[in-house]
Each structure stands twice: as C-alpha cells, then as structure tokens.
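Let me begin by presenting the structure, written as structure tokens, before commenting on it.
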Amino acid sequence: MSTNITWHEGFVTRSEREELLKQKGLTIWFTGLSASGKSTLASVLEQHLLHLGVASYRLDGDNIRFGLNKDLGFGPDDRTENIRRIAEVAKLFADSTTIALTSFISPYRADRDAARKLHEDNGIPFVEVFVDAPLEVVEKRDPKGLYKKAKAGEIKEFTGISSPYEPPTSPELHIQTDKTTIEESVKILVNYLK
C-alpha cells in the first residue's frame with residue numbers, strides 16, 4: 001500500500017470540464033461470457049458515438065492484458081485485481097468527461113459491484129450491460145477456439161466451463177445477442193443513453 005501520498009486537486013472541476021466540453025462522462029460496463037458479443041457491441045457503440053462527436057474510448061479485456069494487466073493470470077484473485085484496476089481506469093476516463101466502454105467478462109458479481117460503488121462514490125454514472133447468450137450459442141461462435149481448448153483441458157479456469165460466471169441480478173440493460181442483431185443492440189444502448 002502506498003504511503004506518504006496526497007491527492008492533488010487540479011484547477012478544473014468536473015462540472016467546468018463538462019460545461020467546456022459539452023459532455024458528461026460515464027462508464028458503460030459490458031459483462032458476459034466469452035463470445036457473447038461484448039467487444040463487438042462496445043466497438044460498434046464507440047464508433048457510433050465518435051461519429052456523433054461524443055468522446056468515448058473502449059477498454060477491452062484482452063487488450064488490457066497486453067499492457068496494464070499483463071502481470072495477471074486468470075485465477076480468482078487475479079481476476080478480481082484485473083477488474084479493480086480497470087474500474088479505476090474507467091473512472092478516470094469518465095471523470096475526464098469521456099464515455100468509458102469496458103468489455104470484460106468480469107465473472108464475479110462482487111467485483112462488478114465494487115466497480116459500481118467506486119463510480120457511485122465519485123459521483124460518476126455506471127451502466128451495467130449484461131451481454132447475454134446461452135452457453136451453446138457462445139460455444140458455436142467461439143471465434144478464438146477457447147471453448148474447444150477449455151473442454152479439452154488445455155485452458156484451466158475458463159469462465160463458463162471450469163470457472164463460474166455470476167450473471168448480474170439487476171443490470172441497467174440486458175441484451176440477448178442470440179435474439180437481437182448488432183444494429184438492434186446498439187440502438188437499445190443509444191436510446192438508453194439519450
């Protein structure tokens with residue numbers, strides 16, 4: 001734990017930044033099984049928002065593990081730390097008036113609740129989006145071949161196969177990607193944001 005540190009307030013408040021940039025920040029937290037469509041939805045929504053002139057940035061689970069979280073594995077403690085770190089990063093983006101789009105499996109309800117509390121404690125909106133598709137559907141999609149490897153025992157602690165996924169109990173949005181197209185799903189998200 002860090003000691004001998006002091007939070008340094010800048011000269012611009014969040015409300016001033018929002019007024020100057022004509023935008024409010026928030027975090028949209030996409031959660032769901034691998035291959036449920038989280039990254040695709042976040043990517044399409046990011047593109048749509050940017051074309052509307054809305055500052056947004058996508059934080060993707062795999063991409064973050066190439067840098068910031070490359071020291072973490074996939075055991076329970078490392079998964080919790082992965083989500084803790086990304087919640088802090090998303091909070092910073094949202095505080096800057098950017099819409100942070102996070103696409104992480106984030107399998108544990110307690111970790112997502114902690115991410116929400118971090119945002120709420122700092123007066124930053126947090127929107128949990130459960131990107132839902134049945135296991136048999138995501139196994140068929142399996143763009144990275146991970147389910148096949150997990151079932152063959154080549155990947156340990158794989159969410160949905162040998163490691164649990166705790167679905168949200170009351171997300172702001174529940175999108176069933178086996179029943180809606182990407183376009184329909186993005187429309188649901190945009191309408192919610194409006």
Side-chain angles (χ1 to χ4, degrees), residues 27-47 56-93 100-119 126-182 184-186 189:
T27 293
I28 302 174
W29 194 280
F30 294 92
T31 179
L33 292 173
S34 180
S36 62
K38 299 176 305 299
S39 293
T40 301
L41 281 177
S43 295
V44 174
L45 180 59
E46 176 189 37
Q47 182 182 39
S56 58
Y57 193 80
R58 180 179 56 90
L59 301 163
D60 183 79
D62 280 356
N63 295 357
I64 294 296
R65 284 181 178 270
F66 277 99
L68 178 66
N69 292 348
K70 68 182 174 183
D71 61 325
L72 299 176
F74 290 91
D77 290 344
D78 281 356
R79 286 177 187 263
T80 292
E81 178 59 14
N82 183 49
I83 298 309
R84 187 197 70 76
R85 289 181 192 178
I86 205 57
E88 291 283 355
V89 171
K91 180 193 77 164
L92 292 172
F93 271 87
L101 308 166
T102 71
S103 50
F104 289 75
I105 293 170
S106 45
Y108 306 129
R109 199 172 291 123
D111 295 343
R112 295 190 307 269
D113 290 346
R116 178 185 296 277
K117 184 175 185 323
L118 175 69
H119 282 71
F126 183 90
V127 179
E128 185 176 44
V129 180
F130 179 24
V131 183
D132 190 11
L135 186 59
E136 59 272 11
V137 171
V138 295
E139 283 182 296
K140 284 180 187 169
R141 290 176 184 166
D142 202 11
K144 303 172 196 171
L146 299 176
Y147 286 98
K148 185 177 179 182
K149 287 180 181 178
K151 285 191 160 189
E154 296 172 36
I155 299 175
K156 306 293 183 211
E157 299 184 278
F158 188 76
T159 305
I161 301 299
S162 52
S163 187
Y165 177 77
E166 300 169 352
T169 54
S170 54
E172 280 73 16
L173 291 172
H174 182 179
I175 297 177
Q176 296 174 289
T177 58
D178 61 319
K179 297 177 181 175
T180 57
T181 65
I182 292 170
E184 291 167 338
S185 298
V186 170
L189 290 160

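This is a predicted model, so every value here is computed, not measured.
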Could you name each residue pair satisfying ring-ring contact (aromatic ring centres under 6.0 Å, His included) that touches residues 154-173, not counting sequence neighbours?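 For residues 154-173, and leaving out neighbouring residues, the ring-ring contact (aromatic ring centres under 6.0 Å, His included) pairs sorted by first residue read Tyr147-Phe158.
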Pair listing, salt bridge (charged side-chain N to carboxylate O under 4.0 Å, His left out) test, anchored in residues 133-146, at least two apart: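 Non-adjacent pairs meeting salt bridge (charged side-chain N to carboxylate O under 4.0 Å, His left out): Asp62-Lys144, Glu139-Lys151.
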Taking [Y]'s backbone N and O only, do any of them form a donor-acceptor pair with [X]'s side chain (distance below 3.5 Å, no angle check)?
X: Glu166; Y: Arg109; answer: yes
X: Gln47; Y: Val44; answer: no
X: Arg84; Y: Asp111; answer: no
X: Lys38; Y: Leu33; answer: yes

Looking at side-chain heavy atoms only, is the closest gap between Leu173 and Phe130 below 4.5 Å?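 Heavy-atom side-chain distance check fails, nothing below 4.5 Å.
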Please report the shortest heavy-atom distance between [X] and [Y], naming the atom on each side.
X: Leu101; Y: Ser56; result: CD1-CB, 4.4 Å
X: Tyr108; Y: Pro164; result: CE2-CG, 4.2 Å
X: Leu41; Y: Ser185; result: CD2-CB, 3.3 Å
X: Val138; Y: Ser34; result: CB-O, 3.4 Å
X: Ala90; Y: Thr102; result: CB-CG2, 3.8 Å
X: Leu68; Y: Asp71; result: O-OD1, 3.8 Å

Salt bridge (Lys or Arg N to Asp or Glu O under 4.0 Å) for Glu172 and Arg116? Distances and angles first, verdict last. CA-CA 12 Å; Glu172 280 73 16; Arg116 178 185 296 277; 2.8 Å; yes
Using side-chain contact (heavy atoms from CB on, under 4.5 Å), reason through Phe104 and Phe30 one step at a time and then give a plain yes or no. CA-CA 6 Å; Phe104 289 75; Phe30 294 92; over 6 Å; no
Side chains of Arg58 and Ser43: any donor to acceptor distance under 3.5 Å?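 The answer is yes; a qualifying pair exists.
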I'd like to know if the side chain of Ser106 pairs up with that of Thr31 as donor and acceptor (distance under 3.5 Å, no hydrogens or angles considered).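 A donor-acceptor contact under 3.5 Å links the two side chains.
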Atom CG of residue position Asp77 - does it have more than 12 heavy atoms of other residues, nucleotides or ligands inside 6.0 Å?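 Atom CG in Asp77 is not packed in, count stays at 12 or less.
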Between Asp78 and Arg65, does the salt bridge (Lys or Arg N to Asp or Glu O under 4.0 Å) criterion hold? Intermediate values first, please. CA-CA 11 Å; Asp78 281 356; Arg65 284 181 178 270; over 6 Å; no
How many angstroms lie between atom [atom1] of [X] and atom [atom2] of [Y], to the nearest 0.5 angstrom?
X: Asn82; Y: Asn69; atom1: CG; atom2: CG; value: 4.5 Å
X: Ile155; Y: Ser163; atom1: CD1; atom2: OG; value: 12.0 Å
X: Glu128; Y: His119; atom1: CD; atom2: NE2; value: 12.0 Å
X: Ile182; Y: Ile175; atom1: CD1; atom2: CD1; value: 11.5 Å

